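Numbers restart at 1 for each chain; the letters A, B, ... are given by sequence-line order, proteins then strands. Quantities reported herein were computed from a predicted structural model and do not represent experimental measurements.
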Protein chains: 2
Amino acid sequence: MVVKRNTWQREAVREALGDTDGFVSAQGLHSALRDSGSPIGLATVYRALADLATEGDADSLQSLDGESLYRACTPGTHHHHLICRNCGLTVEISADPVETWARSVAADNGFTQAAHIVDVFGLCAECSRAAAQSGTAQADPR
Amino acid sequence: MVVKRNTWQREAVREALGDTDGFVSAQGLHSALRDSGSPIGLATVYRALADLATEGDADSLQSLDGESLYRACTPGTHHHHLICRNCGLTVEISADPVETWARSVAADNGFTQAAHIVDVFGLCAECSRAAAQSGTAQADPR
DNA sequence: CTGCTTTTGACAATCATTATCATTATGCGT
DNA sequence: ACGCATAATGATAATGATTGTCAAAAGCAG
Ligand SMILES: [Zn+2]
Ligand SMILES: [Zn+2]
Ligand SMILES: [Zn+2]
Ligand SMILES: [Zn+2]
């Protein structure tokens with residue numbers, strides 16, 4: 001790959017990702033694009049998302065059942081996410097205490113080239129309220 | 001599932017997991033068991049590992065390419081892991097600063113029932129040394 | 001416009017995990 | 001120790017997300 005070409009597909013994925021709140025799967029984004037009339041192919045969505053992620057224009061994480069989810073994020077800034085596991089609402093959070101902790105714990109154990117995965121899941125205020133009303137005895141929320 | 005029965009398969013998985021350093025995949029553990037003469041089935045290994053994880057006797061995480069990895073862990077204590085991405089060496093680490101941070105950041109945003117995923121990846125001391133020797137110009141280590 | 005190279009997309013191929021379901025083995029009451 | 005209800009096993013098929021293939025289409029420099 002010597003040069004990088006500009007295609008409407010790449011832009012379509014970038015836009016669709018920007019129009020989405022929270023994290024989406026490649027398949028989900030592909031469905032959304034198709035529903036809005038785009039004839040874009042599934043493999044292309046996968047490729048575009050992977051590119052966006054490596055270029056730093058999108059963040060990715062593994063959902064609890066192992067599928068990759070993507071989200072348009074403020075580029076260039078390292079940050080983490082607070083995600084509602086019910087409605088998908090996502091908040092970008094900076095985590096300076098965590099950054100320094102991660103660095104030091106790696107260094108203390110002789111590790112180099114340290115990276116980290118830090119995600120917080122929970123129920124957002126709204127979903128918490130809804131859950132409290134429907135049934136106070138909230139069973140295993142798997 | 002009303003009662004829980006005791007089978008040699010469950011014990012075999014528990015033992016094999018204990019004999020393994022770092023994280024293993026279900027498939028990997030199954031191979032190891034087979035190599036050591038056990039006729040245990042693959043589906044059983046998957047089921048046993050899932051059970052161990054829910055019972056708190058094993059920790060699990062998603063590897064970078066999405067497969068689930070398991071590890072025997074000191075039961076009952078909440079902790080996280082520092083993992084060498086080359087040799088798999090794993091260190092259990094307590095992360096009190098992160099625990100409090102996660103709680104407060106969730107609360108500050110109105111989230112309840114907060115859980116978190118925290119993992120640190122890097123190169124252990126030994127692998128760092130080896131990498132430095134083989135080639136100073138370490139290319140993209142994907 | 002032309003030619004070269006990247007990118008696309010329909011489809012097949014992978015590969016980890018899960019579902020089936022007939023068969024086996026466990027734990028309990030006798 | 002015996003037998004039974006039923007949970008557990010395992011060979012195999014099914015699933016489903018992701019990646020590979022490769023001919024056709026599109027971007028871009030000259
Ligand atoms: Zn919510
Ligand atoms: Zn960070
Ligand atoms: Zn190592
Ligand atoms: Zn923690």
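Along DNA chain C, the nucleotide closest to A:W8 and the one closest to B:Q27 are compared, and the more 5′ of them pairs with A:W8. Map B:Q9 and B:G66 each onto its nearest nucleotide of DNA chain C; the residue landing nearer the 5' end is B:G66.
Rounded to whole angstrom, the span from the OH atom of A:Y70 across to the P atom of D:dA17 amounts to 14 Å. Taking atom CG of residue A:D51 and atom C1' of nucleotide C:dT7, one finds them 11 Å apart after rounding to whole Å. When the P atom of D:dT15 is taken as reference, atom CD of A:E67 falls 18 Å away, rounded to whole Å. As a whole-Å value, the separation of A:L49 CG from D:dT19 P is 11 Å. Between the P atom of C:dA16 and the CG atom of B:L64 lies a distance of 15 Å, rounded to the nearest Å. Distance CG (B:L69) to C1' (C:dA16): 12 Å, rounded to an integer number of Å. Regarding A:R47, its CZ atom lies at a distance of 15 Å from the P atom of D:dT18, rounded to whole Å. For B:D65 and D:dT18, the CG to C1' distance is 11 Å, given to the nearest whole Å.
With hydrogens and angles disregarded, a donor-acceptor distance shorter than 3.5 Å links the side chain of A:H80 to the backbone of A:V118. Checking side-chain atoms of A:R34 against main-chain N and O of A:I40 turns up a donor-acceptor pair under 3.5 Å. Of the possible polar contacts, none joining the B:H30 side chain to the B:T44 backbone as a donor-acceptor pair under 3.5 Å is found.
Both A:I93 and A:V98 sit in one connected hydrophobic cluster of ILVMFWY residues. Membership requires side-chain heavy atoms under 4.5 Å apart, directly or through other members.
Here B:E11 pairs with B:R14 in a salt bridge; the nearest charged N to carboxylate O distance falls below 4.0 Å.
Here the side chain of A:N6 is nearest to one of D:dT19, C:dT7, D:dC28, namely D:dC28. Picking from C:dT7, C:dA10, D:dC28 the nucleotide with the shortest atom distance to the side chain of A:R34 gives C:dA10. Of the candidate nucleotides C:dT8, C:dT17, D:dT18, D:dT18 has the atom nearest to the side chain of A:S68. Of the candidate nucleotides D:dA17, C:dT17, D:dA7, C:dT17 has the atom lying nearest to any side-chain atom of B:A26.
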Scan nucleotides 3-6 of chain D against the protein and return all N/O pairs shorter than 3.5 Å with their distances rounded to 0.1 Å.
residue: D:dT6; atom: O2; partner: B:R5; partner atom: NH1; Å: 2.9
residue: D:dT6; atom: O2; partner: B:R5; partner atom: NH2; Å: 3.0

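Contact annotation: B:T7 side-chain N/O to C:dA25 OP1/OP2 distance is not under 4.0 Å. Contact annotation: A:T44 side-chain N/O to C:dG9 OP1/OP2 distance is under 4.0 Å.
Between B:Q27 and B:Y46 the shortest side-chain heavy-atom distance falls below 4.5 Å.
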Tabulate below the donor-acceptor pairs under 3.5 Å that side-chain atoms of residues 100-107 of chain A make, not counting sequence neighbours, or state none.
residue: A:T100; atom: OG1; partner: A:D96; partner atom: O; Å: 3.3
residue: A:T100; atom: OG1; partner: A:P97; partner atom: O; Å: 2.9
residue: A:S104; atom: OG; partner: A:T100; partner atom: O; Å: 3.3
residue: A:S104; atom: OG; partner: A:W101; partner atom: O; Å: 3.0

